[in-house]
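Working notes, beginning with the structure itself.
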Number of protein chains: 2
Amino acid sequence: MAAQRHYDELARQLSAFGAVKRDMARILPPDCPGGSAAVLTLLKRYGDMRMSKLAELLAVDMSVASRHVAHTADRGWIERRPDPADKRSRILTLTAEGHERMEDLNVRTTELLADRLSDWSDDEVNQLIALMTRLRDSFGDCRTTTSRGQFPAAAQAPAPTQTTRTPA
Amino acid sequence: MAAQRHYDELARQLSAFGAVKRDMARILPPDCPGGSAAVLTLLKRYGDMRMSKLAELLAVDMSVASRHVAHTADRGWIERRPDPADKRSRILTLTAEGHERMEDLNVRTTELLADRLSDWSDDEVNQLIALMTRLRDSFGDCRTTTSRGQFPAAAQAPAPTQTTRTPA
DNA sequence: TATTGTTATACTCTATAACTATA
DNA sequence: TATAGTTATAGAGTATAACAATA
């Protein structure tokens with residue numbers, strides 16, 4: 001239980017943190033807004049999944065996820081195949097075009113962060129990641145869209161279909 | 001210079017961090033959206049200031065700040081007095097009603113954070129605050145709305161007109 | 001001519017609710 | 001009846017550009 005003063009300061013940081021996100025968003029290509037980029041990133045990282053799972057990872061309502069997915073599907077970056085096990089569901093898959101788009105996004109993101117974090121150490125970045133992850137958990141424990149905690153160690157063990165080795 | 005993998009993870013955290021902010025926004029009273037709350041918080045904390053300074057602290061374009069300020073002024077929470085030294089400028093001042101509103105906001109924020117951060121130590125909260133502050137600085141160094149760095153130690157020495165003692 | 005602030009416009013993101021199809 | 005997903009609608013936040021008043 002931290003002191004009142006710390007709460008104020010944390011609230012202030014959260015409030016002004018949007019500027020960082022907006023700076024990140026500025027480097028995105030014109031036809032790929034942040035929502036689409038997030039969809040592609042998660043599919044690249046965790047592999048095929050259903051709408052509901054994607055919505056959970058995005059931490060938004062499924063209606064919002066549906067919107068972003070529609071945008072990316074319209075551009076041919078992902079495919080929505082029917083789930084043979086449950087005809088209500090759709091399985092999302094990154095297409096070849098989607099992978100290309102991701103390469104581009106990765107380059108842009110890396111360039112930006114390499115510039116902005118040029119004087120950060122690995123350790124500091126790791127600390128920040130760990131604390132942000134923990135904060136998200138602390139907030140997410142209460143009101144989650146669905147169940148939460150089904151994906152294996154989301155923050156600890158990322159990077160599935162990175163280069164070679166198709167683990168699934 | 002951190003590794004590529006860390007960049008990806010940090011970008012992921014930033015992307016999903018919006019959920020935390022939305023959780024914070026949910027506790028706001030109906031007639032006081034996040035933008036208005038931010039205006040009141042900054043005026044309470046740093047005292048009277050001009051539009052341009054407020055926009056800088058909010059880390060948004062002045063047109064956006066003008067909008068939020070208009071909303072709070074319409075409700076009588078702040079006053080916009082002409083600056084005698086520069087008739088183009090307006091000095092923003094928290095009214096008595098604005099102070100009342102801030103009391104309410106403080107209670108709500110504190111309650112929420114006390115709940116969410118119940119198992120956080122002071123030290124952890126401080127670490128997170130410090131790293132978020134540093135990240136904002138790293139990003140803000142490049143493209144700032146105006147000059148930056150005019151306010152004395154924004155993150156280090158907050159809390160001006162807290163309870164008693166009117167330092168100005 | 002440059003700067004402070006306001007307003008008009010457009011875009012992104014979000015949630016709620018109503019709806020379809022399937023379980 | 002309950003769940004997966006889509007769509008319509010509305011609200012908040014933001015930036016750009018055009019504008020007014022003043023420096």
Side-chain angles (χ1 to χ4, degrees), chain A residues 14-39 49-56 58-74 78 80-92 143-147, chain B residues 14-39 49-56 58-74 78 80-92 143-147:
Chain A
L14 287 171
S15 173
F17 215 57
V20 172
K21 286 195 67 175
R22 292 198 295 278
D23 198 26
M24 290 281 301
R26 257 186 285 271
I27 62 164
L28 297 175
D31 60 339
C32 185
S36 299
V39 168
M49 66 182 78
R50 310 199 309 176
M51 285 295 312
S52 53
K53 179 51 64 182
L54 179 64
E56 184 184 328
L58 287 171
V60 297
D61 189 87
M62 189 156 54
S63 66
V64 177
S66 181
R67 204 164 225 263
H68 295 321
V69 163
H71 186 268
T72 61
D74 287 348
I78 72 168
R80 288 181 284 195
R81 302 172 317 174
D83 183 347
D86 185 341
K87 287 174 187 169
R88 295 172 303 180
S89 283
R90 302 230 244 174
I91 306 292
L92 309 176
R143 56 159 61 229
T144 46
T145 315
T146 51
S147 54
Chain B
L14 287 170
S15 173
F17 214 57
V20 172
K21 284 195 69 174
R22 291 197 295 278
D23 197 27
M24 290 280 302
R26 257 186 285 271
I27 61 164
L28 296 175
D31 61 340
C32 184
S36 298
V39 168
M49 66 183 79
R50 310 198 310 176
M51 286 295 311
S52 54
K53 179 50 64 183
L54 179 63
E56 185 184 327
L58 287 170
V60 297
D61 189 87
M62 189 155 54
S63 65
V64 177
S66 180
R67 208 165 220 260
H68 295 321
V69 163
H71 186 268
T72 61
D74 288 346
I78 73 168
R80 287 181 284 193
R81 301 173 318 174
D83 183 348
D86 185 340
K87 286 174 187 167
R88 296 173 302 180
S89 284
R90 301 231 244 172
I91 306 293
L92 309 176
R143 56 159 63 231
T144 45
T145 314
T146 51
S147 54

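In what follows, every heavy atom counts, from backbone to side chain, and hydrogens, waters and symmetry copies are set aside. Proteins come first, then strands; the chains are lettered A, B, ... in the order of their sequence lines, and each starts at number 1. Since we're looking at a predicted model, the values are computed, not measured.
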Would you mind reading off the distance between [X] atom [atom1] and [N] atom [atom2], rounded to a whole angstrom?
{"X": "A:M62", "N": "D:dA4", "atom1": "CE", "atom2": "C1'", "value": "5 Å"}
{"X": "A:R80", "N": "D:dA4", "atom1": "CZ", "atom2": "C1'", "value": "13 Å"}
{"X": "A:L92", "N": "D:dT6", "atom1": "CG", "atom2": "C1'", "value": "13 Å"}
{"X": "A:L58", "N": "C:dA15", "atom1": "CG", "atom2": "P", "value": "10 Å"}
{"X": "A:R81", "N": "D:dG5", "atom1": "CZ", "atom2": "C1'", "value": "17 Å"}
{"X": "B:D83", "N": "C:dG5", "atom1": "CG", "atom2": "C1'", "value": "12 Å"}
{"X": "B:H71", "N": "D:dG11", "atom1": "NE2", "atom2": "C1'", "value": "11 Å"}
{"X": "A:R50", "N": "C:dA23", "atom1": "CZ", "atom2": "P", "value": "11 Å"}

### Message
Test your reading of the model: is there a side-chain donor-acceptor pair from B:R22 to the backbone of A:A59, 3.5 Å cut-off?
### Response
yes

Do [X] and [Y] touch side chain to side chain, with heavy atoms closer than 4.5 Å?
{"X": "A:R50", "Y": "A:I91", "result": "yes"}
{"X": "A:L58", "Y": "A:V64", "result": "no"}
{"X": "B:P33", "Y": "B:H71", "result": "yes"}
{"X": "A:M51", "Y": "A:L92", "result": "yes"}

Identify each atom pair where a protein N or O and an N or O of nucleotides 10-13 of chain C are less than 3.5 Å apart, giving names and distance.
{"residue": "C:dC13", "atom": "OP1", "partner": "A:G34", "partner atom": "N", "Å": "2.7"}
{"residue": "C:dC13", "atom": "OP1", "partner": "A:G35", "partner atom": "N", "Å": "2.6"}

Would you say [X] places a side-chain N or O within less than 4.0 Å of OP1 or OP2 belonging to [N]?
{"X": "B:S52", "N": "C:dT3", "answer": "no"}
{"X": "A:S89", "N": "D:dG5", "answer": "yes"}
{"X": "A:R26", "N": "D:dT14", "answer": "no"}

Which residues satisfy the side-chain hydrogen bond (donor to acceptor under 3.5 Å, both in side chains) test with [X], sequence neighbours excluded?
{"X": "A:D74", "answer": "none"}
{"X": "A:H68", "answer": "none"}
{"X": "B:S66", "answer": "none"}

With sequence neighbours left out, the residues meeting salt bridge (charged side-chain N to carboxylate O under 4.0 Å, His left out) with A:R81 are A:D48

Per-nt protein contacts along nucleotides 17-23 of chain D (heavy atom under 4.0 Å; B base, S backbone sugar-phosphate only, - none) come out as B---BBS

